[in-house]
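Before any comments, here is the structure.
Values reported hereafter were calculated over all heavy atoms of this structure, with side chains retained and with hydrogens, waters and symmetry mates removed.
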Amino acid sequence: MSLSSSVAETIWKEIESTHTVNDDQLWTLHFLFGKNFEGATRIVDQRGVNKISALPSGRFIFQVMGESRRKDQYLCFAENFCACYSFFYDVVNRGEQLCCKHQLAARLAASLGSYVEVKVSDEELALLLSKI
């Protein structure tokens, strides 16, 4: 794990423990993630993150709205995958970013508890995941 990832992880855990974020934490996350963090905060402010939880297993994935075209929604696991183009191009292919704005929005929303919870069956979640 890189130093940047370790610092970010520490901050995420602090936010999760209080369900609040302070100016120092915002500044540090912005320093680490730049414009992607700005986009993530806009998405969270607009209530653009759904947590799709399956019953009875408790498995979940986040569905995050696109910022440029609100009709676009991306499935993502906050820590290691997003179905958006930027994830594959900037994160995986070029290695220029630690993660995309949708992953950041999912992580921020999860840490703050500011997402919309959507309950589905395990079968419905499996069908959703099969389309990725």
Side-chain angles (χ1 to χ4, degrees):
M1 180 182 283
S2 72
L3 181 59
S4 295
S5 296
S6 296
V7 170
E9 189 60 33
T10 300
I11 292 172
W12 291 127
K13 288 181 181 177
E14 290 172 1
I15 295 169
E16 286 169 8
S17 70
T18 62
H19 292 293
T20 60
V21 60
N22 64 42
D23 288 342
D24 289 339
Q25 292 164 329
L26 286 172
W27 185 89
T28 303
L29 291 170
H30 184 268
F31 178 79
L32 293 171
F33 299 110
K35 66 180 177 63
N36 281 351
F37 187 69
E38 292 173 20
T41 59
R42 284 190 293 270
I43 292 169
V44 172
D45 285 344
Q46 296 169 6
R47 306 277 302 156
V49 179
N50 295 333
K51 181 180 179 183
I52 302 174
S53 300
L55 298 173
S57 70
R59 292 182 177 101
F60 65 89
I61 191 167
F62 289 97
Q63 184 180 48
V64 182
M65 81 172 180
E67 190 181 19
S68 55
R69 293 185 296 197
R70 302 207 190 293
K71 66 181 179 209
D72 290 341
Q73 296 194 347
Y74 302 99
L75 293 175
C76 72
F77 295 100
E79 296 179 23
N80 52 23
F81 174 80
C82 183
C84 76
Y85 176 78
S86 177
F87 176 78
F88 287 102
Y89 189 69
D90 295 329
V91 179
V92 176
N93 191 30
R94 295 183 356 187
E96 291 183 356
Q97 299 289 328
L98 295 171
C99 55
C100 71
K101 66 184 168 189
H102 309 107
Q103 289 174 283
L104 288 169
R107 189 74 192 261
L108 182 60
S111 298
L112 293 170
S114 61
Y115 51 80
V116 176
E117 181 111 32
V118 179
K119 302 278 188 185
V120 298
S121 68
D122 284 325
E123 292 78 16
E124 290 171 307
L125 182 62
L127 182 61
L128 192 62
L129 292 173
S130 73
K131 297 177 182 179
I132 294 179

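- When hydrophobic clusters are built by joining Ile, Leu, Val, Met, Phe, Trp and Tyr residues whose side-chain heavy atoms come closer than 4.5 Å, directly or via intermediates, Ile132 is not grouped with Met65.
- Remark: Glu38 pairs with no residue by the salt bridge (Lys or Arg N to Asp or Glu O under 4.0 Å) rule, at least two apart or across chains.
- Expressed to the nearest 0.5 Å, how far CG of Leu29 lies from CD1 of Ile11 amounts to 4.5 Å.
- For residues 94-132, the pairs satisfying ring pair (Phe, Tyr, Trp, His ring centres under 6.0 Å) are Tyr74-His102, with sequence neighbours left out.
- With rounding to the nearest 0.5 angstrom, the CG atom of Leu125 is 10.0 Å from the OG atom of Ser130.
- Residue Val120 is grouped with residue Leu129 when hydrophobic side chains (ILVMFWY) are merged at heavy-atom distances under 4.5 angstrom, including chains of intermediate members.
- Scanning for side chain to side chain contact (heavy atoms under 4.5 Å, CB included) contacts around Ser114 gives Val44, Arg47, Ala109, Leu112, with sequence neighbours left out.
- Within the structure, every pair that satisfies the ring pair (Phe, Tyr, Trp, His ring centres under 6.0 Å) test and touches residues 22-47, not counting sequence neighbours, is listed here: Trp27-Phe31.
- By the side chain to side chain contact (heavy atoms under 4.5 Å, CB included) test, Gln97 pairs with Asn36, Asp90, Val91, sequence neighbours left out.
- Note: Ile15 CD1 to Thr10 OG1 = 11.0 Å, rounded to the nearest 0.5 Å.
- The two residues Ile61 and Cys76 make their nearest non-hydrogen contact at CG1-O, 3.2 Å.
- Taking every heavy atom of both residues into account, Val49 and Ala106 meet most closely at CG1-CA, 4.2 Å.
- Taking CD from Gln73 and CG from Asn50, the interatomic distance works out to 6.5 Å, rounded to the nearest 0.5 Å.
- Applying the salt bridge (Lys or Arg N to Asp or Glu O under 4.0 Å) test to Glu14 and every residue at least two apart in sequence or in another chain returns nothing.
- To the nearest 0.5 Å, the span separating CG on Leu55 from OG on Ser121 amounts to 8.5 Å.
- Contacts classified as salt bridge (charged side-chain N to carboxylate O under 4.0 Å, His left out) and involving residues 105-126 (residues at least two apart or in different chains) are given here: Glu9-Arg107, Glu16-Arg107, Glu79-Arg107, Glu117-Lys119.
- Distance check, rounded to the nearest 0.5 Å: SG of Cys84 to CD of Gln103 gives 7.0 Å.
- Every residue meeting the side chain to side chain contact (heavy atoms under 4.5 Å, CB included) condition with Phe60, not counting sequence neighbours, appears here in chain and number order: Lys51, Ser53, Phe62.
- For Glu96, the salt bridge (Lys or Arg N to Asp or Glu O under 4.0 Å) partners are Arg94, not counting sequence neighbours.
- Leu128 places a side-chain heavy atom less than 4.5 Å from the side chain of Ile52.
- Asn93 has its side chain out of reach of Phe88: every pair of non-hydrogen atoms, C-beta onward, lies at least 4.5 Å apart.
- With sequence neighbours left out, the ring-ring contact (aromatic ring centres under 6.0 Å, His included) criterion links Phe77 to no other residue.
- Applying the ring pair (Phe, Tyr, Trp, His ring centres under 6.0 Å) test to pairs two or more places apart or on separate chains, none has a residue in residues 6-25.
- Under the salt bridge (Lys or Arg N to Asp or Glu O under 4.0 Å) criterion, Arg42 pairs with Glu67, not counting sequence neighbours.
- Taking hydrophobic clusters as Ile, Leu, Val, Met, Phe, Trp and Tyr residues chained together by side-chain heavy-atom distances below 4.5 Å, Val92 does not share a cluster with Leu98.
- Inspection of the Thr20 and Thr18 side chains reveals an N or O donor paired with an N or O acceptor under 3.5 Å.
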